[in-house]
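Within every chain, numbering begins at 1; the chains are lettered A, B, ... in the order of the sequence lines, protein sequences first and strands thereafter. Just so it is clear, the model here is predicted, and its values are computed rather than measured.
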Amino acid sequence: MSKPILLLVDGSSFLYRAFHAMPDLRGPDGAPTGAVHGFVAMMTKLRDDIGAEHAACIFDAKGPTFRDEWFPEYKAHRPPMPPELRAQIEPIHEVVKLLGWPVLEVPGIEADDAIGTLARMGEASGHAVVIATGDKDLAQLVTPDVTLINTMAKPPERLDEAGVEAKFGVAPNRIIDYLTLMGDAVDNVPGVEKVGPKTAAKWVQEYGSLDGVIAAADAIKGVAGENLRKALDWLPQGRRLVTVKLDCDLSGHMDGWPGLEALKLRELDKAGLIDFYTRNGFKTWLKTMTTEAKPASTAAMAPAVTGDLFAEPEPPADAAQIERHYDTVLSFEQLDAWLARLRAAPLAAFDTETDSLDPMRARIVGISFADRPGQAAYIPLRHEGPDAPEQLPLDEVLARLKPWLEDAAALKIGQNLKYDRHVLANQGIALAGAAHDTMLESYVLEAHKTHSLEALAERHLGRHGLSYEDLCGKGAHQIPFAQVDVAKASTYSCEDSEMCLHLHEVLWPRIEADAGLTRVYRDIEIPTAEILARIERQGVLVDAAKLQTQSHELGQRLLQLEQEAYAIAGQPFNLGSPKQIGEILFTKLGLPIVKKTATGAASTDEEVLSELALEFPLPAKILEVRALSKLKSTYTDKLPLQINPATGRIHTNYAQAVAVTGRLSSNEPNLQNIPIRTAEGRRVREAFIAPPGFRLVSADYSQIELRIMAHISEDPGLLRAFQEGQDVHRATASEVFGTPLDEVSSEQRRYAKTINFGLIYGMGAFGLAQSLGIEQKAAKDYIDRYFTRFAGVKRYMDETKVEAKAKGYVETVFGRRLWLPEINSGNGPRRAGAERQAINAPMQGTAADLIKLAMIAVQRELDAAGKATKMVMQVHDELVFEVPEAELDWVKTEVPRLMAGVAALKVPLLAEVGVGANWDEAH
DNA sequence: TGTCTGGCGTAC
DNA sequence: GACGTACGCCAGACAT
């Protein structure tokens with residue numbers, strides 16, 4: 001004998017879901033109807049599927065509830081309901097009633113609490129209660145007689161007690177505990193920081209209940225444990241907030257309360273529905289009604305969409321009060337007036353807006369200019385959409401701007417002008433007169449901080465401009481800049497241009513005040529930016545077919561290796577998952593744990609697996625798979641996809657203001673970590689080629705950082721080794737091991753080489769022992785002997801640390817500053833880290849300065865001599881060129897000469913050059 | 001579904 | 001805790 005069913009629909013939870021799930025449908029009068037359609041479909045289906053006698057659709061009412069009294073922050077961060085949804089609430093209530101459903105909306109009572117109350121009443125009166133909701137919170141209401149269904153889930157799911165346990169990992173009567181630990185970001189109810197569904201369920205299972213977890217708080221390890229202890233005072237209040245109330249007073253809102261008579265599911269109001277469907281343009285639903293439709297009424301039912309979506313935001317309150325005037329240029333008169341202002345300005349800022357982050361493909365959407373802080377103009381060029389104004393013709397505008405943009409005497413500034421240089425080059429404009437760049441100014445002043453315009457404006461001007469995200473959104477919701485409202489785009493772009501000038505007024509004097517910084521900025525960074533743009537634009541030719549062949553081969557071998565690994569393990573597992581590897585190796589096979597990761601998990605890194613491989617077969621397989629799948633996924637699979645179809649080349653992006661030491665970095669793709677160490681990996685380099693009639697030439701500095709160490713430390717032994725052109729590792733070994741130069745063994749040389757590299761990085765005895773696979777005591781012995789023999793190096797390291805602590809920064813030979821905020825930290829390990837940075841940064845940074853100077857010198861010479869040779873890559877101490885065969889001799893002699901000549905250090909600089917059909921051969 | 005973090009590995 | 005500077009892949013967890 002089955003029980004009568006009480007069906008409770010959580011209308012509020014379905015409002016947003018229906019709104020987002022449905023397309024933006026519109027009624028005859030343009031009013032939004034998507035969510036209404038969603039509701040009609042859902043309520044009809046529920047009615048058909050469930051066969052309920054009693055039912056209700058429950059909505060949240062406006063106004064505060066008891067939870068707001070307990071916790072004023074409750075739901076505080078909820079964004080206001082979108083106007084398109086707000087407009088549909090009224091029609092939804094109306095149509096739900098027409099569909100025969102009792103609708104309940106009680107001021108001061110949340111839908112959840114009304115549902116909880118009704119569910120208990122239903123149970124008490126012998127009903128089977130079905131709650132239709134998309135909200136996991138209501139899982140706490142599930143009992144043998146109360147189930148949940150979520151019709152919006154795909155597939156629709158039905159949760160009884162077992163289902164709740166299966167889905168959440170805890171029984172319904174522990175859902176409250178589980179929710180309390182997690183918190184609810186949407187309702188702004190805090191939980192335990194960093195604890196999500198997994199951890200919450202795990203804890204509740206382990207300790208039985210929230211109270212159990214609280215009691216065990218001191219014993220829980222890790223960051224999660226710490227966060228739990230921080231949250232202890234809060235949790236009881238959190239529990240109250242997430243607990244659904246079961247005894248609300250609904251009298252006055254339900255006839256016959258506390259009985260359920262008022263919730264009898266009624267017949268459809270056919271006449272009412274026909275009228276409703278007609279008015280709102282629900283043609284398909286209209287057909288489902290058996291009677292004929294009456295003539296449509298034209299009355300607009302839903303309130304019109306309000307205009308706030310398109311309203312101009314309040315201008316931000318700027319700490320720095322400057323007068324702002326922004327123009328949007330839509331006529332040639334305006335354009336010419338602005339051009340005159342730009343011509344008259346001693347320094348003008350500009351900023352391009354585009355439709356892509358990829359500089360090679362970006363098409364210009366608009367451009368702004370500023371001739372003084374606060375004063376700017378935006379020229380929309382490619383804005384789209386019904387509301388976009390008539391814009392000046394792009395070609396004509398750019399033709400008028402071109403003479404100014406290409407005028408080297410017309411000085412310009414921007415934020416990361418390398419990007420704008422590309423955008424203009426895409427339009428056939430060769431930017432000249434790029435005198436300043438705020439990103440580089442900031443980088444030279446404070447390399448360790450962030451250099452976005454937004455951050456700079458905030459930090460130095462106290463100004464908070466519109467952000468790109470404000471305009472375009474982010475992630476999946478992002479819209480192209482071309483679709484941004486022109487007025488907003490204008491404000492944003494003008495702001496960027498004039499804030500850039502404004503920033504320059506603050507930053508430039510700080511650079512100018514220091515001769516070293518001025519030199520680094522003016523003589524290194526600014527010229528480097530232009531050269532980088534040229535390298536990026538040139539691109540490097542890559543043989544996609546060759547990489548694809550390699551990918552295929554790697555794939556075949558990986559398949560084989562995977563099977564072998566599964567066979568040894570006795571089961572398949574994910575070889576890409578360190579976690580699963582750990583489970584197999586250490587739990588299933590019982591291999592010893594060699595070391596742990598930062599988070600306490602058993603490490604499976606190369607070092608660990610190599611050690612285990614001495615005794616067991618599986619680790620060796622895993623290592624092989626790791627090596628090959630790295631090559632495949634990162635290089636042979638990916639690089640072909642990065643080839644620009646228009647040029648057939650790869651155009652990386654060199655980041656000039658990322659590495660704190662002054663190095664460049666390369667991304668999308670990173671061409672600075674192409675394998676070279678192993679024969680397998682080196683094959684990737686064979687795919688970097690030169691076109692017919694050209695060769696690749698690689699020129700790299702020999703031992704540049706050790707030479708710099710010799711220069712800075714003035715250690716006599718090291719100086720002499722380089723001055724006499726000795727093999728520096730051999731010379732080091734000779735000193736450390738007390739062996740004559742020509743009797744140094746290859747193993748001694750290898751040790752010395754490791755010591756030399758270690759020194760550059762500030763390595764200690766522990767690290768050296770690890771690297772060489774020797775006892776820490778022996779390693780310490782070597783280091784001591786090194787410092788005895790090369791006392792100047794020891795002195796340099798000690799003095800550098802002292803200087804860093806006193807000044808807070810260290811410097812390169814050319815005066816680049818590297819700030820070390822943690823050099824005097826009370827935190828031991830952090831301070832030690834900063835000390836190693838202090839030792840390494842002058843060497844790494846000076847090397848970076850030198851190669852940038854080399855790039856400038858070489859490019860200048862190539863241009864002056866009218867050569868067709870192109871610089872195509874920079875890899876920290878190496879420059880790669882694409883060279884016509886006719887210029888090979890010139891390049892082979894001139895490039896190393898120029899590289900060696902950029903600075904006169906106390907040791908000679910040496911650059912070695914190689915030539916080949918591909919990058920591998922060129923080494 | 002998207003975003004972030006940890007683990008790992010490549011380069012100099 | 002122990003070797004500096006980067007970028008990027010994948011898996012897994014968290015957030016939406």
Side-chain angles (χ1 to χ4, degrees), chain A residues 16 20 182-186 191 193-200 202 223-224 447 474-478 574-582 596-609 622-623 626-627 629-635 637-638 652-655 658-678 681 684-685 700-701 703-705 754 757-771 776 779 818 827-845 847-848 851 874-878:
Chain A
Y16 278 91
H20 290 297
M182 273 202 305
D184 186 331
V186 176
E193 213 182 321
K194 290 269 143 217
V195 167
K198 294 271 180 179
T199 314
K202 194 178 87 183
V223 182
K474 61 171 177 178
H477 310 284
Q478 199 165 347
N574 186 342
L575 281 152
S577 164
K579 190 171 164 225
Q580 292 188 31
I581 289 176
K596 297 198 169 179
T597 67
T599 54
S603 170
T604 68
D605 67 12
E606 202 266 346
E607 190 192 334
V608 167
L609 295 185
I622 297 172
L623 281 170
R626 280 246 179 98
S629 56
K630 173 80 176 183
L631 284 177
K632 185 168 187 290
S633 67
T634 307
Y635 303 105
D637 282 354
K638 283 287 151 42
T652 185
N653 174 55
Y654 287 103
V658 167
V660 292
T661 53
R663 271 192 182 177
L664 301 176
S665 75
S666 155
N667 61 64
E668 288 182 276
N670 182 357
L671 296 186
Q672 294 180 321
N673 73 346
I674 304 300
I676 192 170
R677 205 167 33 87
T678 67
V684 175
R685 291 189 174 224
D700 67 293
Y701 277 118
Q703 307 295 353
I704 185 132
E705 292 187 357
T754 305
F757 277 114
L759 288 165
I760 290 169
Y761 299 146
M763 190 191 268
F766 177 91
L768 183 62
Q770 198 104 40
S771 292
Q776 197 170 324
L818 308 123
N827 180 326
R830 280 178 182 272
R831 190 179 58 244
E835 288 173 1
R836 290 192 294 274
Q837 282 184 310
I839 288 166
N840 172 262
M843 295 185 269
Q844 192 180 121
I851 193 141
Q874 190 259 38
V875 194
H876 307 307
D877 64 357
E878 173 188 12

Asks: Run the side chain to side chain contact (heavy atoms under 4.5 Å, CB included) test against A:Ala655 and tell me which residues pass, sequence neighbours left out.
Replies: A:Val658, A:Ser665, A:Asn667
Asks: Quick check against the 3.5 Å criterion: does A:Gln776 have a side-chain atom that pairs as donor or acceptor with the backbone of A:Ala769?
Replies: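 Flag not set: sc A:Gln776 to bb A:Ala769 has no pair under 3.5 Å.
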Asks: A:Glu878: which residues meet the salt bridge (charged side-chain N to carboxylate O under 4.0 Å, His left out) condition with it, sequence neighbours left out?
Replies: none
Asks: Can you list the residues that meet the side chain to side chain contact (heavy atoms under 4.5 Å, CB included) rule with A:Asp605, with sequence neighbours excluded?
Replies: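 With sequence neighbours excluded, A:Asp605 shows a side chain to side chain contact (heavy atoms under 4.5 Å, CB included) to A:Lys595, A:Ser603, A:Glu607, A:Val608, given in chain and number order.
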Asks: Touch check for A:Gly758, heavy atoms < 4.0 angstrom, all strands: base, sugar-phosphate only, or nothing?
Replies: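 No contact.
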Asks: Using a heavy-atom cut-off of 4.0 Å across all strands, would you classify A:Gln770 as base, sugar-phosphate, or nothing?
Replies: nothing
Asks: Let me confirm one number: the CD-CZ distance from A:Glu835 to A:Arg831, rounded to the nearest 0.5 Å.
Replies: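 These two atoms lie 6.5 Å from each other.
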Asks: Determine the Euclidean distance between corresponding P atoms of B:dT5 and C:dC3; express it in Å to zero decimal places.
Replies: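 Taking atom P in both C:dC3 and B:dT5, they lie 26 Å apart.
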Asks: Using the closest heavy atom to pick a nucleotide of DNA chain C for each, name whichever of A:Gln837 or A:Gln580 lands nearer the 5' end.
Replies: A:Gln837
Asks: Quick one, give me the B/S/- string for nucleotides 6-12 of chain B, reading 5' to 3', where B means a protein heavy atom under 4.0 Å from the base and S means that only happens at the primed atoms, P, OP1 or OP2.
Replies: SSSBBSB
Asks: If we ignore hydrogens and angles and just use 3.5 Å, is the side chain of A:Thr652 paired with the main-chain N or O of A:Glu668 as donor and acceptor?
Replies: no
Asks: Under the side chain to side chain contact (heavy atoms under 4.5 Å, CB included) rule, collect the residues that match up with A:Gln844, sequence neighbours excluded.
Replies: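 Checked A:Gln844 against side chain to side chain contact (heavy atoms under 4.5 Å, CB included); matches are A:Thr661, A:Arg663, A:Glu705, A:Asn840.
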Asks: Could you list where the contact with chain A starts and ends along DNA chain C, reading 5' to 3', using a 4.0 Å heavy-atom cut-off?
Replies: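 That gives a stretch of C:dA2 to C:dT16.
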Asks: Is there side-chain contact between A:Gln837 and A:Leu818, with at least one heavy-atom pair below 4.5 Å?
Replies: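 No, side chains not in contact.
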